[in-house]
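The next block holds one structure in the form of structure tokens; read it before the comments.
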Amino acid sequence: MKLKKRHEVPDEHKWDLDSVYGSVEAWEKDYARVEEMLPQLTAFQGRLGESAATLLQALKMRDEVSKLLEQVVVWARMKEDEDTANSTYQALSARGRSLYAKATAAAAFLTPEILAIPAETIRAWLDQEPGLAAYRHELENTLRQKAHVRSPEVEELLAQMGEVGAAPSDIFGKLNNADLKFGTIKDEQGNEVELTLGRYLRFLESPVRDVRKQAFEALFTTYRKFRNTIAATYASSVKADVFYARARRYPSARAAALFGTNVPESVYDNLLATVNKNLPSLHRYVQLRRRMLGLDELHMYDLYTPMVADVDRKIPYEEAVETVLKALAPLGEEYCEIARRGMTVDRWVDIYENEGKRSGAYSFGSYTTKPYILMNYQDNLDSMFTLAHELGHSMHSYFSRRHQPYHYADYTIFVAEVASTFNEALLTDYLLKSTDDPRLKMYLINHQLESFRTTLYRQTMFAEFEHIAHQRVENGEALTADVLDEIYYDLNKRYYGTEGMVVDDLIAVEWARIPHFYSAFYVYQYATGISAATALSQQVLTEGRPAVERYLNFLKSGSSDYSTNLLKQAGVDMTSPEPIQQALDVFARLLDQMEQLAG
Ligand SMILES: [Zn+2]
């Protein structure tokens, strides 16, 4: 079937971006307004310490600029994504990005200047000036940094080091995305095809074992050829993390990374400990996978291919909307009505593929727009899950924007995947309860098991790897290719090594291909996110109304408090093992069900 051109797509299938700007002229007007406002913001430079009123005015001005700026940037970016070949919107989007950079530079004086005001003064102002109280949490959060701010000279040097510090990530990106070539393999039809990073996962999911094996071997043999270069690059990245942590007087690189979102290190340790305690479930999963695939021994390249055949169920968009709403019914009428309108008459969703449209799916928008969703909807189960996932993000944004002032409406990365994963959990639960078809059940369980394996177990293994790597450098040890291989291979043996499993030697070099390792101590949040979402969905399903109320309050809370506090109020204490254990219990129960169904 030939793809429609953008102008051929009927309005009811497109998101309603016209409610933001009906024309490029209208957009240009706001663009110009942001440019005019920037000098009004910079006029506050050097004045924040004058009085509570001045500080309040500056913060309000910052929010006003930022609110309009976001709307300008977001609209241009979404217009560009509708048809990436459209040069008009490419140009608008590029201008949006440079305006954003300009505004960021203009606002850069704010934090250092606030930090230069004595904490007692700010706290006294918070009590005197009623308008400032709305910024209490934000200002307290900024004040936390005080202990880690150095003298002006040191700060200037650190700022100048910025690009050098970012070099390892840059170098790895160039090597990985531009220079590395992985050669060719023979696909399912015996055709010679080039192996690329983009295609790797698809090959690894192939039902034909030899295709998986070739892809795995070609990929890691290539990385192995460059292992010394990549080890030196990664080691530099770790050293830079350690350098900055020491320069800012944090006890460790991990403490420095977690300080940003005020997440206690116990959350991290707790995740590692609880997942490790539950490795027997992962081993049981590996053994079940081996049996279901009918293999004598399972290799690392057998971990991604589906354990059950695809269910060919055609699910048109309208049906997906109805099913998702039924699955989310436990959240109550208000939630479902807003979601229904969003997916239909309010036109949050850009539903189908068209020529030039950006691939994939996302939830996007700004404080002043609808919480839009880009889809490439395909009439199948996977697409329905994607819809439920993105809807979770959009509802989180919707409620936070409605109930929070602009400066608290965004949520942090730590909680970002909770609402989306929560929706997927409710959808799985609903579908499992409403079908007798064993094949569909197995398909759904496979889907859930895989997301636990790749998000909870695998990301925790990554988190463990980077923790060890940073500790080694902090202890003055060298991170050579041999050392990194050894750390990574040992982890794989611990996580996957069980009867019938071959932990292939080549997996030792996988550390060399993970871009996220260059944003240290980031990936653990995927694992805590899925755990929190699973625990919350379990509470909603078993406890009912009180749990629903707590969850809806969480969706409305944006970043008005620290993430771990917001989750605690919702019913999950991420500093305790419980939510992680609850999620792993769900994994174990799904495994039981799968074992029964597989016979
Ligand atoms: Zn997401």
Side-chain angles (χ1 to χ4, degrees), residues 15 74 77-78 81 201 261 263 320-321 324 327-328 331 335 338-339 342-343 348-351 357-366 369-378 380-401 409-429 444 447-460 462-463 514-516 519 522-537 540 551 554-559 563 566-567 570 572 574 579 583 586:
W15 51 19
V74 157
R77 161 79 198 280
M78 290 190 290
D81 289 346
L201 191 62
T261 42
V263 172
V321 168
V324 167
L328 298 176
L331 293 178
Y335 182 102
I338 296 163
M343 290 187 287
W348 294 358
V349 190
D350 205 69
I351 307 171
K357 183 170 162 178
R358 190 198 144 106
S359 62
Y362 63 61
S363 161
F364 201 39
S366 79
T369 73
K370 297 175 180 180
Y372 294 106
I373 295 173
L374 179 130
M375 290 283 300
N376 280 276
Y377 193 82
Q378 293 289 339
N380 59 28
L381 264 169
D382 272 355
S383 275
M384 180 163 71
F385 271 97
T386 306
L387 178 66
H389 180 103
E390 301 306 335
L391 178 71
H393 287 308
S394 282
M395 292 298 288
H396 194 178
S397 302
Y398 176 91
F399 279 120
S400 283
R401 286 171 191 157
D410 274 347
Y411 34 83
T412 64
I413 296 290
F414 191 78
V415 298
E417 289 302 326
V418 171
S420 51
T421 318
F422 175 98
N423 278 11
E424 286 193 65
L426 248 56
L427 181 57
T428 306
D429 182 80
L444 292 165
H447 180 101
Q448 275 301 85
L449 287 172
E450 277 305 278
S451 71
F452 279 110
R453 182 182 73 77
T454 55
T455 313
L456 188 40
Y457 281 109
R458 181 168 162 86
Q459 302 299 332
T460 300
F462 286 172
I514 310 295
H516 265 135
S519 320
Y522 181 91
V523 297
Y524 84 96
Q525 301 174 109
Y526 293 119
T528 49
I530 191 177
S531 302
T534 308
L536 288 170
S537 67
V540 162
Y551 179 67
F554 164 73
L555 294 186
K556 293 170 185 167
S557 65
S559 53
S563 306
L566 296 176
L567 284 172
V572 290
M574 297 309 291
V586 171

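Values below: all heavy atoms of this structure, side chains included; hydrogens, waters and symmetry mates excluded. Both counts, for ligands and for their atoms, begin at 1 and track the order of listing.
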- Close aromatic pair by centroid cut-off 6.0 Å: His516 and Tyr526: yes

- Message: Strictly distance-based, threshold 3.5 Å: is any side-chain N or O of Thr412 a donor or acceptor partner for the main-chain N or O of Ser563?
- Response: no

- Query: Does any N or O in the side chain of Ser420 come within less than 3.5 Å of the main-chain N or O of Glu417, such that one atom is a donor and the other an acceptor?
  - Reply: yes

- Query: Can you find a pair of side-chain heavy atoms, one from Ile413 and one from Tyr522, that are under 4.5 Å apart?
  - Reply: yes

- Query: In the shown structure, where waters are left out, how many protein N, O or S atoms lie under 2.8 Å from the Zn ion (ligand 1)?
  - Reply: 4

- Message: Quick check with a 6.0 Å cut-off and a 45 degree axis cone: is Arg77 positioned over the face of Tyr362's six-membered ring?
- Response: yes

- Specify the closest pair of heavy atoms between Ser363 and Ser394, including all atoms of both residues, with the distance to one decimal. OG-OG, 2.9 Å

